[in-house]
Every structure is written in structure tokens, then in C-alpha cells.
Amino acid sequence: QVQLVESGGDSVQAGGALRLSCAASGYNIDTGCMGWFHQVPGKEREGVATIDRDGTISYAGSVKGRFTISKDSAKNTLYLQMTNLKPEDTAIYYCAADLPKPFCQANTVIAGTPRFGYWGQGTQVTVSS
């Protein structure tokens, strides 16, 4: 049984910062590709950042220079440090594990419910201006 639990979502002012965490159990985060995706109601789920088991990182262009993905292997936890937040960052953020190669990069969109990998329940990030 694999479980991914996100935390850290909150409501902040534009320009603020948040750190999202994804605690994994039943899965070693160093054994496959992991990532963060976000989704706005009525729109597709989009890649934000991914990190492969060898440490290779990919970011969506919209967050490059503002967000940082990292992991703590000892804690089996994935993180997304978000700085200089913008209203357009408002979305539900999902943690994903064991992503197949085509989705182990941030320039991706997923229509409907993902049929691959493992996914958390999401955490809400709201940025106001």
C-alpha cells in the first residue's frame, strides 16, 4: 500500500512563500521519479516540477526561478519550496510518485484522472493580491 500525504498548503499574499511537503509511505522516493502537479477546477492537471531518482530536476517555465523541488531521503519526504507566489499559482497541488518516463518532466498535462503512478489527495494553495 502506497500513501502520499501532502501538507503545507495555505492562503498567502502575493509575494509570499510556502513550503509543501509530501510524506511517502509504502514507497521509497529514491526508487523512481517524483513530482508536483497542480490543478485549477475545470482545467487539466499540469506538471510543476519533477525529480528523478538520480536527482535530475525539471520545472515548468511559469515557476522556474521561484520554486524549488527537493527531497529528504532519510525522511522519505518530497518538498516544494515556493517563493514570490503569484495569484496565478492558486491551485490544488498534488504529489506524485513512480511517474513513467514521459511524465518525469514538468511540461506535461493530464486530462481526467491519472491512470499511472501514485498520487496524493492534494493540498490547496491560494494566493491573493
Side-chain angles (χ1 to χ4, degrees):
Q1 181 184 37
V2 175
Q3 187 174 46
L4 305 175
V5 180
E6 301 100 332
S7 61
D10 206 347
S11 180
V12 299
Q13 293 284 145
L18 288 172
R19 184 182 68 183
L20 306 184
S21 298
C22 171
S25 60
Y27 181 86
N28 185 330
I29 65 171
D30 290 328
T31 62
C33 185
M34 298 195 65
W36 290 96
F37 291 70
H38 70 191
Q39 187 169 26
V40 175
K43 297 184 178 180
E44 302 90 348
R45 189 171 300 196
E46 301 178 331
V48 175
T50 61
I51 181 167
D52 210 344
R53 62 176 179 264
D54 66 355
T56 300
I57 291 170
S58 175
Y59 293 106
S62 61
V63 308
K64 197 170 299 180
R66 298 189 298 120
F67 292 9
T68 302
I69 188 171
S70 64
K71 58 182 180 179
D72 186 330
S73 297
K75 295 182 178 180
N76 208 34
T77 299
L78 180 74
Y79 301 98
L80 184 68
Q81 179 67 54
M82 305 184 293
T83 61
N84 191 25
L85 284 160
K86 303 176 179 181
E88 50 262 47
D89 295 320
T90 295
I92 300 172
Y93 284 73
Y94 297 91
C95 173
D98 198 31
L99 292 165
K101 187 172 182 178
F103 289 92
C104 193
Q105 51 96 14
N107 186 212
T108 57
V109 296
I110 302 170
T113 303
R115 299 187 65 186
F116 51 83
Y118 302 102
W119 295 82
Q121 65 181 329
T123 185
Q124 177 71 48
V125 171
T126 302
V127 185
S128 61
S129 60

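- Ring geometry, Tyr93 versus His38: the interplanar angle exceeds 60°, so the pair is classed perpendicular (tilted spans 30 to 60°).
- At least one donor-acceptor pair under 3.5 Å links the side chain of Asn76 to the backbone N or O of Ala24.
- Rounding to the nearest 0.5 Å gives a distance of 11.5 Å between CG of Asp52 and CE of Met34.
- Contact between Thr123 and Gly9 at its shortest, heavy atoms only, is OG1-N, 3.1 Å.
- Side chain of Thr77 to backbone of Asp72: no donor-acceptor contact under 3.5 angstrom is found.
- One N or O on the side chain of Asp54 and one on the backbone of Thr56 form a donor-acceptor pair closer than 3.5 Å.
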### Task
Could you go through the side chain to side chain contact (heavy atoms under 4.5 Å, CB included) check for Ile110 and Phe116 one step at a time?
CA-CA 10 Å; Ile110 302 170; Phe116 51 83; 3.6 Å; yes
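- Taking both residues in full, the closest heavy atoms of Gln39 and Lys43 are given as NE2-O, 3.0 Å, listed atom of the first, atom of the second, then distance.
- When all heavy atoms of Pro114 and Arg45 are compared, the closest pair comes out as CG-NH1, 3.7 Å.
- Between Glu88 and Val127 the shortest side-chain heavy-atom distance does not fall below 4.5 Å.
- Here the side chain of Trp119 pairs no donor or acceptor atom with the backbone of Leu4 at under 3.5 angstrom.
- Hydrophobic clustering, with ILVMFWY side chains joined whenever heavy atoms are under 4.5 angstrom apart, groups Ile57 together with Leu80.
- The hydrophobic cluster containing Met82 also contains Ile51, counting ILVMFWY residues as joined when their side-chain heavy atoms lie under 4.5 angstrom apart, directly or transitively.
- You'll find the side chain of Tyr94 stays beyond 4.5 Å of the side chain of Leu20, heavy atoms only.
- Here the OG atom belonging to Ser7 is positioned 8.5 Å from the CZ atom belonging to Arg19, to the nearest 0.5 angstrom.
- If you take NZ on Lys86 and OG on Ser128, they are separated by 15.5 Å, rounding to the nearest 0.5 Å.
- Nearest heavy-atom pair, Thr108 versus Pro102, reported as atom, atom and distance to 0.1 Å: CG2-O, 3.7 Å.
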### Message
Determine whether Lys101 and Cys33 satisfy the following criterion, side chain to side chain contact (heavy atoms under 4.5 Å, CB included), listing intermediate values before the conclusion.
### Response
CA-CA 8 Å; Lys101 187 172 182 178; Cys33 185; over 6 Å; no
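- Within the 4.5 Å cutoff, the side chain of Leu78 has heavy atoms near those of the Trp36 side chain.
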### Task
Please report the C-alpha distance between Ile92 and Phe37 in whole Å, then the side-chain angles of each, then the deciding distance to 0.1 Å, and finally whether the side chain to side chain contact (heavy atoms under 4.5 Å, CB included) criterion is met.
CA-CA 8 Å; Ile92 300 172; Phe37 291 70; over 6 Å; no
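- In this structure, the side chains of Thr68 and Tyr59 come closer than 4.5 Å at one or more pairs of heavy atoms.
- Counting heavy atoms of neighbouring residues, nucleotides and ligands inside a 6.0 Å radius, atom CD of Gln121 does not exceed 12 of them.
- Following chains of ILVMFWY side-chain contacts shorter than 4.5 Å, one cannot reach Leu99 starting from Phe67, and the two form parts of different hydrophobic clusters.
- Heavy atoms only, all atoms of each residue included: Ser129 and Ala14 are closest at CA-CB, 4.4 Å.
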### Message
Test side chain to side chain contact (heavy atoms under 4.5 Å, CB included) on Lys71 and Asp30; report intermediate values, then the result.
### Response
CA-CA 9 Å; Lys71 58 182 180 179; Asp30 290 328; 3.2 Å; yes
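- Residue Gly47 comes nearest to Ala60 through the heavy atom pair O-CB, 3.6 Å, listed as atom of the first residue, atom of the second, then distance.
- In the displayed structure, Tyr118 atom OH is contacted under 6.0 Å by at most 12 heavy atoms of other residues, nucleotides or ligands.
- Arg66 places a side-chain N or O within 3.5 Å of a backbone atom of Asn84 that can act as its donor or acceptor partner.
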